[in-house]
Amino acid sequence: MTSSEHPGSDQAPVRLLLIDGHAMAFRAFFALPADGFTDGRGQSTNAVYGFARMLFNVVASERPTHVAVAFDMAGGTFRDRIYDQYKAGRDETPAQFIGQIALIQKTLDALGVTWLEVPDFEADDIIATLATRMRTREQEALIVSSDRDAIQLVGPGVTLLQPVKGVTEMRRMDPAAVEEKYQVTPEHYPDLAALVGESADNLPGVPGVGPKTAAKWIGKYGDLESLLEHAEEITGKAGQSLRDHVEDVRRNRVMNAAVTDLELPDDEVVFTLGRGDRAAVHDVFDDLAFGATIRRDLPAVFLPEGEDGTDAAADEQAAELPEITRPEGKDLAAALRGPFADGAALAIDGTWELGLGEARRIALSTESALAVIDLERLDTDGERALAAWLSDASVRKDAHDAKLAVHELSARGLDVEGWGTDLSLAEFLCRPDQRPTDLAGLAMRHLQEELEAEQAAPQQTLDLEGDDGAADESLARAADAVRRLVPLLRTDLEEHEATALHDDLELPLATVLGEMEAVGIQVEDEVLADLDAEHERRQTEVAEAAFSEIDGERINLGSPKQLQEVLYERLGMPKGRRTKTGYSTNAETLTDLFEKTQHPFLAHLLAHRDVTKMRQIIETLRRFIAEDGRIHTTFHQNIAATGRLSSNNPNLQNIPMRTEDGRRIRSAFVVSEGYEQLLTADYSQIEMRIMAHLSEDEGLIEAFRSGEDLHRFVASRVFDVAPEDVSAAMRSKTKAVSYGLAYGLSAFGLARQLHISQAEATGLRDGYFERFGGVRDFLRESVEQARSTGYTETILGRRRYLPDLTSDNRQRRENAERVALNSPIQGSAADIIKLAMLRVAADLREAGLRSRVLLQVHDELVLEIAPGELEQVRDLVVTGMGDAYEISVPLEVGVGVGRTWLDAAH
DNA sequence: CAAGCGATCAT
DNA sequence: ACATGATCGCTTGT
């Protein structure tokens with residue numbers, strides 16, 4: 001309890017939040033699209049949504065003890081009687097805004113927030129009265145209003161939050177901030193405003209006098225009254241203008257004076273928080289068709305105490321590490337039959353770099369025991385015991401990164417079965433848009449909280465990666481951290497309905513990927529060396545040719561900055577698209593420029609770009625060829641938020657394919673000794689097939705069942721001609737629309753891509769949607785549903801959370817909408833090929849075949865075929881991929897075979 | 001030396 | 001202003 005410093009205020013400190021209801025509702029209305037937020041019965045709810053979010057935000061961040069919302073009343077105010085032009089000339093209320101104020105008030109009722117309106121007065125007067133009351137009582141008031149009349153209320157204990165952008169970004173105005181911004185104190189702000197005028201209220205000020213002059217005058221004469229008394233002294237145009245408009249100024253000053261003595265409730269209870277009713281809020285939100293996102297953000301302070309009580313779960317477990325044992329040999333066998341018999345969390349101190357396993361030790365942790373095992377000092381008995389334990393599927397093992405562990409252990413001939421939980425995968429499934437480092441940090445904070453709850457937080461930071469000969473204790477603590485985090489992540493998985501995805505898809509896949517990485521793919525360095533040498537020659541040639549076109553000056557062709565100088569300054573070419581830092585020099589721009597100017601420099605520059613890119617790719621690949629003559633990429637399961645894999649060190653998922661020259665790189669990827677062929681198998685148009693499945697569009701489904709070429713079929717419908725009469729142009733345009741749709745392509749973007757007018761692009765899209773309405777409905781509903789639930793979902797229930805779908809920032813919101821369109825499609829394709837990989841790997845193993853999967857490239861698998869196994873493997877792969885998951889159209893799989901990756905293309 | 005940017009490769 | 005990635009070289013900031 002803090003004792004009061006002044007008499008008469010023996011009550012607890014009050015922090016009253018005052019909101020200008022109409023002003024904020026209007027702001028919300030214009031910050032969010034009215035068409036994007038409706039209750040399903042034609043009533044727009046964007047203002048209600050934005051208002052609620054603003055309220056939740058401010059309450060959560062400012063922690064007021066009391067709240068009141070003030071509204072203007074219909075029917076005018078006393079100010080209209082003083083000045084009949086007050087607020088004249090305002091635009092009519094938008095039709096979609098109508099009714100939303102009543103809905104906001106309904107929401108406030110459910111939240112137990114008092115709202116006020118007083119006949120004949122404005123919201124500002126209500127706020128002024130209450131703010132003044134708080135100020136006299138030396139309590140705090142916090143005003144949220146975009147109306148400038150609120151500025152005069154700022155003072156000791158009274159702060160104004162002015163919305164800056166949208167409804168969530170606020171600027172804090174205390175007396176100092178007001179003075180800083182307007183050069184007058186808050187109480188003199190109405191004086192300034194009277195001189196300057198307020199166009200929003202149709203109150204013209206003194207012509208030729210702006211805030212600078214007004215502030216100067218007020219500073220000189222003290223206040224408006226003294227200024228007007230000395231009006232004769234002021235020289236110049238402004239002085240005359242002032243004398244000519246004294247009447248206006250006096251009127252303005254009367255109009256903008258806030259009324260501070262309204263009769264308003266003054267009951268302790270009236271404005272207190274905590275009187276909301278969760279059920280009522282949900283009813284109102286149901287009625288408004290609000291989704292889960294905003295419900296989650298409802299601050300608990302609105303509800304009665306105890307209803308949202310979160311105190312629970314005191315941990316009985318001590319934070320002290322169990323004694324670390326270092327079992328060796330026969331001891332190990334005993335230990336593994338003892339406390340570790342049911343499973344353990346596992347940590348490893350190695351790294352997977354260029355295919356070299358470097359693990360020296362592993363740490364195992366259970367609730368009661370902890371062991372660090374030195375792999376290099378194990379004797380035969382110990383190794384045998386460890387191998388048996390690791391490969392016993394009935395013993396559950398958890399790890400931060402199971403794939404990494406697989407590498408380190410299998411490099412020493414130890415195979416692992418019976419994985420339980422992989423923290424990195426669990427974290428990713430729950431929060432796919434977070435970077436792994438952030439997730440690790442998040443996990444660490446969870447852990448820290450738990451340890452603090454146990455009041456025995458260790459001082460050391462935990463290093464889940466393990467590293468450079470760190471002490472046994474560090475490794476042991478990492479294993480202990482895994483152990484402690486597993487139950488938390490299991491709960492997390494349940495909450496995100498991702499348990500099955502983790503247990504039955506991602507974690508088993510990790511082992512498969514680990515094997516693929518370890519095997520790698522054979523690369524012929526000589527082929528790459530020749531290719532590099534050839535491109536080096538061509539690079540010199542085109543560079544010289546380019547220089548000769550610009551007076552022989554040897555600029556750096558790789559420097560966008562220097563290129564801009566040459567192209568747009570020296571050669572005076574027309575400036576096209578802009579980038580953040582200047583004018584674009586990308587291939588599209590350069591090609592356009594070439595068409596316009598025919599300047600040979602541009603052609604040479606483009607050629608230089610191509611060969612440079614080629615060399616870059618070739619040299620990168622060569623650097624990654626390991627001792628064994630193979631490239632071992634790393635596949636990541638926790639990077640691409642849609643659920644795709646990513647590949648790095650090097651990236652083998654973006655080896656050139658589009659151009660003839662680029663494809664030659666693929667001829668360096670070859671079948672290795674002891675194997676017969678490379679086989680590639682890819683899904684044909686899997687994303688469009690998923691679109692057909694998810695949208696249930698009959699036309700699209702028929703397209704795939706007909707066996708006709710997809711784009712030809714679709715084009716024949718769109719352009720209303722027989723399939724055989726579809727021209728190449730029709731087909732390629734239709735194809736662009738088909739693929740663009742899944743990416744949220746706009747008419748603008750389509751026009752740019754196809755070099756057609758925006759009108760033609762719009763027509764194309766409309767024509768498409770006319771014939772394939774199911775697709776349009778599906779896309780629209782995807783976004784709508786995601787906005788409501790807060791996430792998108794794939795066919796396997798993989799979620800992606802998209803809070804930006806309700807952002808008041810248009811760019812962010814529209815980006816989230818495109819993501820919402822694309823994620824279920826791209827993500828479902830990722831799900832399907834992952835299922836296929838598990839199946840193919842399992843089938844190969846069960847059939848006792850030596851052939852193996854080497855790479856995955858989103859919709860394609862690359863396998864290495866052992867002698868004599870081609871037919872069997874081909875069937876197995878085609879079936880495995882084709883039947884991986886049943887959707888309403890067939891999943892077609894194309895197969896190619898050859899000595900090199902290029903030859904295996906089909 | 002790191003970080004941001006622009007460009008370009010893949011599906 | 002069309003989704004998901006990786007990588008490189010240049011430029012700029014620490």
Side-chain angles (χ1 to χ4, degrees), chain A residues 432-433 435 555-564 577-590 605-606 608-621 623-624 633-659 661-663 665-666 682-688 691 736-754 758 761 765 779 782 792 800 802 810-811 814-830 833 855-861 901:
Chain A
D433 275 285
R435 309 298 299 176
I555 63 164
N556 182 347
L557 296 174
S559 162
K561 205 181 163 201
Q562 293 180 39
L563 285 175
Q564 283 170 47
R577 294 182 53 208
R578 291 217 48 151
T579 64
K580 269 181 197 165
T581 52
Y583 292 94
S584 175
T585 66
N586 67 18
E588 189 193 341
T589 307
L590 296 180
L605 177 57
L606 283 165
H608 185 263
R609 284 253 174 92
D610 286 346
V611 283
T612 305
K613 179 74 183 174
M614 281 292 287
R615 289 199 67 195
Q616 180 208 101
I617 294 170
I618 294 162
E619 285 168 14
T620 302
L621 289 175
R623 279 206 309 280
F624 279 102
T633 186
T634 304
F635 290 107
H636 295 274
Q637 288 166 278
N638 58 174
I639 299 294
T642 52
R644 272 192 178 181
L645 298 180
S646 83
S647 150
N648 74 358
N649 293 326
N651 181 359
L652 293 187
Q653 291 181 322
N654 71 342
I655 304 302
M657 186 62 179
R658 237 180 49 253
T659 65
D661 194 42
R663 272 198 293 274
I665 293 178
R666 293 189 175 220
D682 68 354
Y683 283 115
S684 127
Q685 292 137 343
I686 187 167
E687 295 196 346
M688 283 304 289
M691 179 107 92
V737 177
S738 286
Y739 281 101
L741 286 177
Y743 298 151
L745 185 65
S746 62
F748 180 95
L750 186 64
R752 198 157 66 85
Q753 191 191 323
L754 292 175
Q758 213 166 315
R765 226 170 76 125
L779 293 172
S782 299
T792 63
R800 181 167 184 190
L802 297 171
R810 207 160 80 118
Q811 171 129 19
E814 288 179 349
N815 194 49
E817 286 169 358
R818 289 191 294 275
V819 170
L821 291 183
N822 178 255
S823 292
I825 298 168
Q826 190 182 116
S828 296
I833 195 163
L855 301 175
Q856 187 251 44
V857 191
H858 310 309
D859 64 357
E860 170 189 8
L861 297 180
W901 195 1

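Just so we're on the same page: letters track the sequence lines, and every chain starts at 1.
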**OP:** For A:N822, answer base if it contacts any base atom (sugar-phosphate contacts may also be present), sugar-phosphate if it contacts only those atoms, and nothing otherwise; contact means non-hydrogen atoms under 4.0 Å.
**Re:** sugar-phosphate
Original post:
Distance check: side-chain N/O of A:N815 vs OP1/OP2 of C:dC2, anything under 4.0 Å?
Top reply: no
**OP:** Would you classify A:T612 as touching base, sugar-phosphate or nothing, given that sugar-phosphate means primed atoms plus P, OP1 and OP2, and contacts are heavy atoms under 4.0 Å?
**Re:** nothing
Original post:
Where the side chain of A:Q826 is concerned, which of C:dA6, B:dA7, C:dA3 is the nearest nucleotide?
Top reply: C:dA3
Subject >> A:F624 CZ - C:dA6 P separation (whole Å) >> reply: 13 Å
Subject >> Nucleotide nearest A:Y743 when distance is taken to its side chain, options C:dA3, B:dC9, C:dG5 >> reply: C:dA3
Subject >> Contact under 4.0 Å: A:S646 side-chain N or O vs C:dA6 OP1/OP2 >> reply: yes
Subject >> Nearest-nucleotide pick for A:N654, side chain only, options being C:dG5, B:dT8, B:dC5 >> reply: C:dG5
**OP:** Looking only at non-hydrogen atoms, find the nearest pair between A:A641 and A:P432 and report the distance.
**Re:** CB-O, 3.5 Å
**OP:** Using the P atom on both, measure B:dG4 against C:dC2 and round to a whole Å.
**Re:** 25 Å
Subject >> N/O (side chain, A:S559) to phosphate O (OP1/OP2, C:dT11) under 4.0 Å >> reply: yes
**OP:** May I ask you to verify if any side-chain N or O of A:S584 is less than 4.0 angstrom from the OP1 or OP2 atom of B:dG6?
**Re:** no
Original post:
Which nucleotide sits closest to the side chain of A:R623: C:dC8, C:dA1, C:dA6?
Top reply: C:dC8
**OP:** Report yes or no: does A:R663 contribute a side-chain atom to a donor-acceptor pair with the main-chain N or O of A:M657 at less than 3.5 Å?
**Re:** yes
Original post:
Between A:Q758 and A:R752, is any pair of side-chain heavy atoms under 4.5 Å apart?
Top reply: no
**OP:** Answer yes or no: does a side-chain N or O of A:R615 lie under 4.0 Å from OP1 or OP2 of C:dC8?
**Re:** no
**OP:** Give one of base, sugar-phosphate or nothing for A:R577, where a contact means two heavy atoms less than 4.0 Å apart.
**Re:** nothing
Subject >> Under-4.0 Å side-chain N/O to phosphate OP1/OP2 contact, A:T581 with C:dT11 >> reply: no
**OP:** May I ask you to say what A:R658 touches in the nucleic acid, namely base, sugar-phosphate or nothing, with a heavy-atom cut-off under 4.0 Å?
**Re:** sugar-phosphate
Subject >> Sugar-phosphate, base or nothing in reach of A:D682, heavy atoms under 4.0 Å >> reply: nothing
Original post:
Just checking A:G558: base, sugar-phosphate only, or nothing, at a heavy-atom cut-off of under 4.0 Å?
Top reply: sugar-phosphate
Subject >> Heavy-atom pair of closest approach, residues A:R800 and A:S823 >> reply: NH1-OG, 3.0 Å
**OP:** Please name the pair of heavy atoms, one in A:L621 and one in A:P650, separated by the smallest distance, quoted to 0.1 Å.
**Re:** CD2-CG, 4.0 Å
Subject >> C:dG5 phosphate, OP1 or OP2, under 4.0 Å from A:T642 side-chain N/O >> reply: no
**OP:** Report yes if at least one side-chain N or O of A:K561 is closer than 4.0 Å to OP1 or OP2 of C:dT12; otherwise report no.
**Re:** yes
Original post:
Across the strands shown, which category fits A:S647 at heavy-atom distances under 4.0 angstrom: base, sugar-phosphate, nothing?
Top reply: sugar-phosphate
**OP:** Ignoring the backbone of A:T620, work out which of C:dC8, C:dA1, B:dT8 is nearest its side chain.
**Re:** C:dC8
Original post:
Nearest-Å distance, CD (A:Q653) to P (B:dC9)?
Top reply: 17 Å
Subject >> 4.5 Å side-chain heavy-atom contact, A:Y683 and A:H858 >> reply: no
Original post:
Any donor-acceptor pair under 3.5 Å between the side chain of A:K613 and the base of B:dT8?
Top reply: yes
Original post:
What is the distance, rounded to the nearest whole Å, between atom NE2 of A:H636 and atom P of C:dT7?
Top reply: 8 Å
Original post:
Which nucleotide sits closest to the side chain of A:N648: C:dA6, C:dC2, B:dG6?
Top reply: C:dA6
Subject >> Shortest side-chain distance from A:D610, nucleotide among B:dC9, C:dA3, B:dG6 >> reply: B:dC9
Subject >> Sugar-phosphate, base or nothing in reach of A:A587, heavy atoms under 4.0 Å >> reply: sugar-phosphate
Subject >> No-H, no-angle donor-acceptor pair, A:R644 side chain to B:dT11 base, under 3.5 Å >> reply: yes
Original post:
Which is true for A:A641 with a 4.0 Å heavy-atom rule: it touches a base, it touches only sugar-phosphate, or it touches nothing?
Top reply: sugar-phosphate
**OP:** Report which part of the nucleic acid A:L750 touches: base, sugar-phosphate, or nothing (heavy-atom distance under 4.0 Å, all strands).
**Re:** nothing
Original post:
Whole-Å distance between C:dT7 P and A:I655 CD1?
Top reply: 11 Å
Subject >> Whole-Å gap separating P (C:dT4) and CD1 (A:I825) >> reply: 13 Å
Original post:
For C:dA1, does either OP1 or OP2 sit under 4.0 Å from a side-chain N or O belonging to A:R818?
Top reply: yes
**OP:** Please state how far atom CZ in A:R765 lies from atom P in C:dA1, giving the value in whole angstrom units.
**Re:** 15 Å
Original post:
Would you say A:L741 and A:L779 make side-chain contact, with heavy atoms under 4.5 Å?
Top reply: yes
Subject >> Donor-acceptor pair (no angle test) under 3.5 Å: A:Q753 side chain, C:dC2 base >> reply: yes
**OP:** For A:L557 and B:dA7, give me the distance from atom CG to atom C1', rounded to whole Å.
**Re:** 14 Å
**OP:** Give the nucleotide from the list B:dT8, C:dG5, C:dC10 with an atom nearest to the side chain of A:N651.
**Re:** C:dG5
Original post:
Between A:I686 (CD1) and C:dT4 (C1'), how many Å, whole number?
Top reply: 15 Å
Original post:
Given side chains that start at C-beta, do those of A:T633 and A:F635 come closer than 4.5 Å, heavy atoms only?
Top reply: yes
